Asker: 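Starting off with a structure, shown below.
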Protein chains: 2
Amino acid sequence: MDTGQANVHRQNGVALWRQIADRIRASIANGDYDATGKVPPEFTLAAQFGVNRHTVRSALAALAQEGIVRSVQGRGTLIERKERLNFPITRRTRFSEGIGDQAREKEGLLLHSAQEPASTDLSARLRIPEGTPVIRLETLRKADHRPVSRSTTWFPADRFGGIEEAYSKSGSITVAFRMLGLSDYLRVSTEVTATHADGADLADLQLSPGAIILIARALNTDTEGVPVQYAVSRFPADMVQFTIEN
Amino acid sequence: MDTGQANVHRQNGVALWRQIADRIRASIANGDYDATGKVPPEFTLAAQFGVNRHTVRSALAALAQEGIVRSVQGRGTLIERKERLNFPITRRTRFSEGIGDQAREKEGLLLHSAQEPASTDLSARLRIPEGTPVIRLETLRKADHRPVSRSTTWFPADRFGGIEEAYSKSGSITVAFRMLGLSDYLRVSTEVTATHADGADLADLQLSPGAIILIARALNTDTEGVPVQYAVSRFPADMVQFTIEN
DNA sequence: TATGGTTGTCTATATTAATAGACATTTTGG
DNA sequence: CCAAAATGTCTATTAATATAGACAACCATA
């Protein structure tokens with residue numbers, strides 16, 4: 001669709017090798033090299049981007065570090081991994097079902113949980129008085145053993161006491177809710193923004209610096225419209241896209 | 001909500017000053033400095049990020065270049081501009097109404113138009129035979145004289161001949177559709193991804209290199225469900241967020 | 001098995017990014 | 001008006017980034 005044959009820029013605070021790495025990563029995700037299963041030769045890429053071959057090699061080294069490509073002397077640079085998960089955002093958005101069969105193994109890990117008073121912002125979103133106790137879960141989700149999202153999520157403590165255990169056991173919010181007597185819930189709003197990955201993202205999501213993060217801030221309610229969960233989730237932008245079906 | 005007190009990273013291909021500029025820009029957009037209307041002193045920022053004061057100065061110089069801050073000797077670094085437009089994505093998403101009163105002046109510019117045969121991908125999305133003529137519009141949207149999106153959008157040529165003129169005159173897709181006899185249309189799907197800004201983005205959207213772009217790929221149909229428009233729009237991520245209300 | 005295409009490694013050099021320190025200049029507020 | 005708190009400017013040094021060229025090592029295949 002978009003050719004994207006824009007050239008690479010100097011003196012912008014982003015090293016050439018990183019810009020090139022980002023471009024190649026995007027091309028791979030886009031399926032541009034599917035015919036061969038290989039990235040074009042270093043020589044060709046260097047000419048294409050108008051840089052020295054060594055600069056391209058730096059870019060490929062970075063991608064190899066991420067596990068996306070593997071260079072083999074004499075053969076070329078092979079594509080190892082190529083994925084972009086699609087997350088449908090609907091009134092009935094659920095993480096695990098959303099992935100569907102895009103991944104064989106799905107995992108939900110509880111990194112940390114705590115009880116705390118609701119901040120001003122949070123209390124407004126959950127429609128509870130400021131300072132009301134809420135349970136905060138820090139979770140990491142994986143698909144086929146690759147981390148795909150890092151979430152911070154809050155629940156009213158009075159209604160969902162013990163949800164940390166329920167989630168820890170089941171690895172699923174949907175199941176945890178069910179264990180606590182909430183059989184159904186609805187996504188009422190989702191805000192989507194994007195930013196550069198910070199240190200925590202790099203560590204948790206196993207990204208390389210300079211990566212882009214998609215952020216979704218979501219509010220779920222029960223069928224009566226009473227807020228039950230507010231979540232801020234961070235996804236690696238090169239692995240994930242959101243789809244909103246109306 | 002998220003404190004974001006992650007530190008800055010070295011040797012990642014992204015210059016420290018750029019990482020710091022991005023962080024400060026985000027803090028400004030987030031309203032962190034609203035109390036004073038000023039960015040903290042260079043000394044303080046340097047300590048906060050663990051870098052030399054000169055490095056912070058480079059970051060602030062970049063933000064000044066973007067018109068976001070203005071440094072005044074003796075006083076400090078004043079915040080000039082602070083905006084993040086919100087775009088609701090619903091079944092009845094329209095650009096101009098979506099912005100609503102978030103901007104006083106709204107503009108839609110036609111950069112270029114052409115007629116071309118539909119590609120494989122496009123024909124599938126618009127549900128027309130491959131190669132069927134489509135009209136492509138390249139548009140730029142502004143709010144209060146600042147560019148907020150750069151779109152490429154396609155229409156079936158047989159049904160919407162002359163839409164380039166209609167858009168050019170009105171600066172609005174909604175109005176252009178109406179001029180061609182389509183009084184109503186619906187957003188059926190939107191895909192959201194993010195990437196680094198490329199050269200064209202930098203030029204068209206007046207961004208500084210390294211900026212992040214939110215990409216929305218949208219399909220609109222008439223009330224009968226027949227596709228009438230497919231659009232790929234690019235938004236500066238630090239100025240825009242999407243909201244999906246279910 | 002020879003050859004062309006490809007990645008791996010090495011040396012050298014120039015430019016950019018980052019640190020460090022000192023001091024000048026300007027504004028604000030007591 | 002003075003002092004504190006800012007930003008502005010200058011010099012010097014080190015580390016990271018990028019270019020350039022040459023050649024070795026390896027793989028596929030004709």
Side-chain angles (χ1 to χ4, degrees), chain A residues 7-24 28 33 35-80 196 208-210, chain B residues 7-24 28 33 35-80 196 208-210:
Chain A
N7 251 325
V8 94
H9 303 276
R10 291 152 198 269
Q11 283 171 315
N12 2 2
V14 183
L16 290 179
W17 63 263
R18 171 140 297 286
Q19 296 181 56
I20 292 169
D22 292 339
R23 293 272 296 274
I24 295 175
I28 291 174
Y33 308 135
T36 58
K38 297 197 295 186
V39 166
E42 296 170 352
F43 202 69
T44 309
L45 289 170
Q48 208 173 100
F49 291 114
V51 300
N52 193 275
R53 183 182 150 227
H54 293 296
T55 308
V56 169
R57 283 179 61 74
S58 299
L60 292 176
L63 294 178
Q65 185 65 30
E66 294 177 46
I68 291 178
V69 300
R70 179 170 52 97
S71 292
V72 180
Q73 196 172 51
R75 285 181 67 189
T77 301
L78 316 178
I79 295 170
E80 290 282 270
H196 284 111
S208 63
Chain B
N7 250 328
V8 94
H9 305 276
R10 292 153 197 267
Q11 281 170 312
N12 354 0
V14 182
L16 291 178
W17 63 265
R18 171 141 296 288
Q19 297 180 54
I20 292 169
D22 291 339
R23 293 271 299 272
I24 296 175
I28 292 173
Y33 308 135
T36 58
K38 296 197 296 184
V39 166
E42 297 170 352
F43 272 121
T44 311
L45 289 170
Q48 207 171 101
F49 291 114
V51 301
N52 193 275
R53 182 180 150 231
H54 293 297
T55 308
V56 169
R57 283 178 61 74
S58 299
L60 292 176
L63 294 178
Q65 185 66 31
E66 293 177 44
I68 292 179
V69 300
R70 179 170 52 97
S71 292
V72 179
Q73 196 172 53
R75 285 183 67 192
T77 302
L78 315 177
I79 295 170
E80 289 282 90
H196 284 110
S208 62

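Chain identifiers are assigned alphabetically (A, B, ...) following the order of the sequence lines, protein sequences preceding nucleic acid strands; residue numbering begins at 1 within each chain. Bear in mind the structure is a predicted one, so any value in this text is a computation, not a measurement. As a basis for the values below, the full set of heavy atoms in this structure was taken, side chains included, without hydrogen atoms, waters or symmetry mates.
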Asker: Within the 4.0 Å heavy-atom criterion, would you say B/Thr77 contacts the bases, only the backbone, or no part of the nucleic acid?
Answerer: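 Answer is sugar-phosphate: B/Thr77 comes under 4.0 Å of backbone atoms only.
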Asker: What is the distance, rounded to the nearest whole Å, between atom CD of B/Glu42 and atom P of C/dC23?
Answerer: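 Nearest whole value for this atom pair: 19 Å.
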Asker: Check the distance between D/dC27's P and A/Arg70's CZ and give it to me in whole angstrom.
Answerer: 12 Å
Asker: Tell me whether the side-chain N/O atoms of B/Arg57 come closer than 4.0 Å to OP1 or OP2 in D/dG8.
Answerer: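 Checking D/dG8 against B/Arg57, a side-chain N or O does come within under 4.0 Å of OP1 or OP2.
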Asker: Check the distance between D/dA15's P and B/Asn52's CG and give it to me in whole angstrom.
Answerer: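 Interatomic distance, CG of B/Asn52 to P of D/dA15: 15 Å.
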Asker: State which residue, out of A/Ile79, A/Leu78, A/Leu63, fulfils the side-chain contact (heavy atoms from CB on, under 4.5 Å) condition with A/Arg70.
Answerer: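 Only match with A/Arg70 under side-chain contact (heavy atoms from CB on, under 4.5 Å): A/Leu78.
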Asker: Whether A/Arg53 contacts D/dT19 is assessed here as follows: a side-chain N or O lying under 4.0 Å from the phosphate OP1 or OP2. Is that the case?
Answerer: no
Asker: B/Arg75 side chain N/O closer than 4.0 Å to the phosphate oxygens (OP1, OP2) of D/dA6?
Answerer: no
Asker: Roughly, in whole Å, what's the span from NZ in B/Lys38 to C1' in D/dT7?
Answerer: 11 Å
Asker: Does B/Arg23 count as lying over the ring of B/Phe49, i.e. NZ or CZ under 6.0 Å from the six-ring centre, within 45 degrees of the axis?
Answerer: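 No; the conditions do not both hold, so B/Arg23 does not lie above the ring face of B/Phe49.
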Asker: Rounded to whole angstrom units, what separation is found between the CG atom of A/Leu78 and the C1' atom of C/dG8?
Answerer: 15 Å
Asker: Could you measure the distance from the CD1 atom of A/Ile24 to the OH atom of A/Tyr33? Nearest 0.5 Å is fine.
Answerer: 6.0 Å
Asker: Tell me whether the OP1 or OP2 atom of D/dT17 has a side-chain N or O from A/Thr55 closer than 4.0 Å.
Answerer: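 Looking at the OP1 and OP2 atoms of D/dT17, neither is under 4.0 Å from any side-chain N or O of A/Thr55.
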Asker: Quickly work out the A/Trp17 CH2 to C/dT15 C1' distance and round it to whole Å.
Answerer: 18 Å
Asker: Decide yes or no, distance alone: a donor-acceptor N/O pair under 3.5 angstrom between the base of D/dT7 and the side-chain of B/Gln73.
Answerer: yes
Asker: With a 3.5 Å cut-off and heavy atoms only, can you find an N or O donor on one side and an acceptor on the other between the side chain of A/His54 and the base of D/dG21?
Answerer: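 A donor-acceptor contact between them is present.
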